[in-house]
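Single-structure report; data block below.
Values in this document were obtained by computation on a predicted structure and should not be read as measured data. Letters go in sequence order (proteins before strands), and every chain restarts at 1.
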Protein chains: 2
Amino acid sequence: MVKHVLNQLLEPDLDLVFHALADPGRRSMVERLSEGPASVSELGLPLAMSLAAVVQHVQVLEASGLVLSHKVGRTRTCRINPAVLRSAEHWITQRRARWERTLDRLGEYLAENEGEGQ
Amino acid sequence: MVKHVLNQLLEPDLDLVFHALADPGRRSMVERLSEGPASVSELGLPLAMSLAAVVQHVQVLEASGLVLSHKVGRTRTCRINPAVLRSAEHWITQRRARWERTLDRLGEYLAENEGEGQ
DNA sequence: TAGTTAGTAAAGCAATTGCTTGACTAACAA
DNA sequence: TTGTTAGTCAAGCAATTGCTTTACTAACTA
């Protein structure tokens with residue numbers, strides 16, 4: 001379990017990361033955290049759900065590695081982990097770049113062999 | 001229903017996009033498609049599941065706007081929609097950039113007020 | 001000390017996922 | 001024409017999600 005979490009710091013699990021980002025409430029939390037650290041209740045403030053539900057969303061974000069937290073007194077303060085955000089970004093960038101190279105090659109091919117339509 | 005799909009071409013639904021990317025099978029399909037168009041069965045080739053299941057995954061990808069397809073004869077050919085990939089990328093980039101500006105401001109603040117630890 | 005606040009844990013529940021199988025259609029091949 | 005291939009549709013089913021409520025603990029406040 002601990003090892004699991006450590007592994008994610010080294011190499012994020014994209015299943016967990018994208019799943020975490022697939023929920024509008026969790027994205028709003030990431031959005032809020034991108035402006036600076038916040039407590040669990042602060043994150044839930046705009047969300048019209050019980051605190052227990054907010055806690056569960058935060059747990060999903062932490063399990064993905066997108067969010068880190070530490071508890072002082074009775075309040076848990078969360079902050080963003082940019083490395084994991086970056087790894088999701090990177091995966092997408094790579095696929096898109098690959099596709100755009102493919103498109104370029106197709107363009108060259110079509111330029112060389114004029115005449116064929118769609 | 002048609003309108004739904006059209007809206008996604010104008011402004012992608014990130015819930016659907018990130019959810020589509022949260023599955024390893026579907027990511028493998030996007031990966032494959034980044035190297036060029038492919039049929040539904042080709043996409044399913046490395047996936048150890050029934051063709052019906054593959055079709056369902058392709059439907060999830062299409063509903064998200066990440067993948068476009070057209071049918072010729074009995075084969076449906078799929079290709080990537082880079083615009084939607086880019087919009088997911090963009091959302092992440094923005095949050096990360098925002099957080100990094102926040103970090104920078106914190107760095108300046110700490111540089112100006114030396115002496116305080118964590 | 002008594003009361004409030006911040007968060008957790010657990011159980012329960014309806015809705016959604018990610019498959020399966022089986023029946024079917026249309027297109028291509030021999 | 002007969003068979004095979006590519007894909008689709010519909011049920012059905014176990015596992016997972018995204019909440020809820022209740023009960024609880026620990027920490028701060030008056």
Side-chain angles (χ1 to χ4, degrees), chain A residues 1-2 4-5 8 13-33 36-79, chain B residues 1-2 4-5 8 13-33 36-79:
Chain A
M1 181 63 167
V2 171
H4 227 243
V5 171
Q8 289 168 36
D13 180 332
L14 290 181
D15 284 26
L16 297 181
V17 174
F18 285 127
H19 171 251
L21 292 177
D23 181 272
R26 287 192 294 261
R27 277 203 310 283
S28 112
M29 292 178 177
V30 170
E31 200 127 9
R32 166 65 187 79
L33 289 175
S39 71
V40 171
S41 350
E42 275 178 302
L43 292 178
L45 225 52
L47 286 189
M49 66 179 67
S50 71
L51 180 59
V54 174
V55 168
Q56 286 167 23
H57 280 299
V58 169
Q59 282 165 356
V60 169
L61 287 168
E62 280 210 72
S64 77
L66 279 168
V67 163
L68 304 169
S69 78
H70 65 282
K71 202 168 175 176
V72 171
R74 57 183 170 165
T75 84
R76 174 173 300 280
T77 302
C78 304
R79 65 191 166 86
Chain B
M1 182 65 167
V2 171
H4 228 244
V5 171
Q8 288 169 38
D13 181 331
L14 291 181
D15 283 26
L16 297 181
V17 173
F18 285 126
H19 172 250
L21 292 177
D23 182 90
R26 287 192 294 260
R27 276 202 310 283
S28 113
M29 292 178 177
V30 170
E31 201 127 8
R32 168 64 188 80
L33 289 176
S39 72
V40 171
S41 350
E42 275 178 301
L43 292 178
L45 224 53
L47 287 189
M49 65 179 67
S50 70
L51 180 58
V54 174
V55 168
Q56 286 166 23
H57 280 300
V58 169
Q59 282 165 356
V60 170
L61 287 167
E62 281 211 71
S64 77
L66 279 167
V67 164
L68 304 170
S69 78
H70 66 281
K71 202 167 175 177
V72 171
R74 56 184 171 164
T75 84
R76 175 174 299 280
T77 301
C78 304
R79 65 191 166 85

Looking at B:Val55 and B:Val40, what are the two nearest heavy atoms and their distance?
CG2-CG1, 3.9 Å
Nearest of D:dC9, C:dA9, D:dC19 to any side-chain atom of A:His57?
D:dC19
Name the residue closer to the 5' end of DNA chain D, choosing between B:Val40 and A:Gly73 according to the nucleotide with the nearest heavy atom.
B:Val40
Taking atom P of D:dT20 as reference, at what distance in whole Å does atom CE of A:Met49 sit?
7 Å
Between D:dA6 (P) and B:His70 (NE2): distance, integer Å
16 Å
Identify which nucleotide among C:dG18, C:dT8, D:dG18 has an atom closest to any side-chain atom of A:His19, counting heavy atoms from C-beta outward.
D:dG18
Checking C:dC19, C:dT8, D:dT20 against the side chain of A:Lys71 (C-beta onward), the nearest is C:dT8
For A:Asp23 and C:dA15, what is the distance between atoms CG and P respectively, to the nearest whole Å?
18 Å
From C:dC19, C:dA9, C:dT20, nucleotide with atom closest to A:Gln59 side chain:
C:dA9
Taking for B:Ser39 and for B:Gln56 the nucleotide of DNA chain D with the nearest heavy atom, the one nearer the 5' end belongs to B:Ser39
With respect to the phosphate group of C:dT4, does any side-chain polar atom (N or O) of A:Arg74 fall under 4.0 Å of OP1 or OP2?
no
Between B:Leu43 (CG) and D:dT8 (P), how many Å, whole number?
12 Å
At under 4.0 Å, does any side-chain N or O of A:Ser50 touch on OP1 or OP2 of D:dT20?
yes
Could you please name the option among C:dA6, C:dT20, C:dA11 that lies closest to any side-chain atom of A:Leu51?
C:dA6
Look at the side chain of B:Arg27 and the backbone N and O of B:Leu21, then say whether any donor-acceptor pair between them is shorter than 3.5 Å.
yes
When the distance from CG of A:Leu47 to C1' of D:dG18 is rounded to whole Å, what number comes out?
13 Å
For the side chain of B:Arg76, counting heavy atoms from C-beta on, which of C:dC19, C:dA9, D:dT8 is nearest?
D:dT8
With a 4.5 Å limit on heavy-atom distance, are the side chains of B:Glu62 and B:Arg76 in contact?
yes
With the side chain of B:Thr75 defined as its heavy atoms from C-beta on, choose the nearest nucleotide among D:dA6, C:dT20, C:dG18.
D:dA6
Testing the basics here: between B:Val67 and B:Cys78, what is the closest heavy-atom pair and its distance to 0.1 Å?
CG1-CB, 3.8 Å
Judged by atom type as modelled, is there a donor-acceptor pair below 3.5 Å linking the side chain of A:Arg32 to the main-chain atoms of A:Gly44?
no
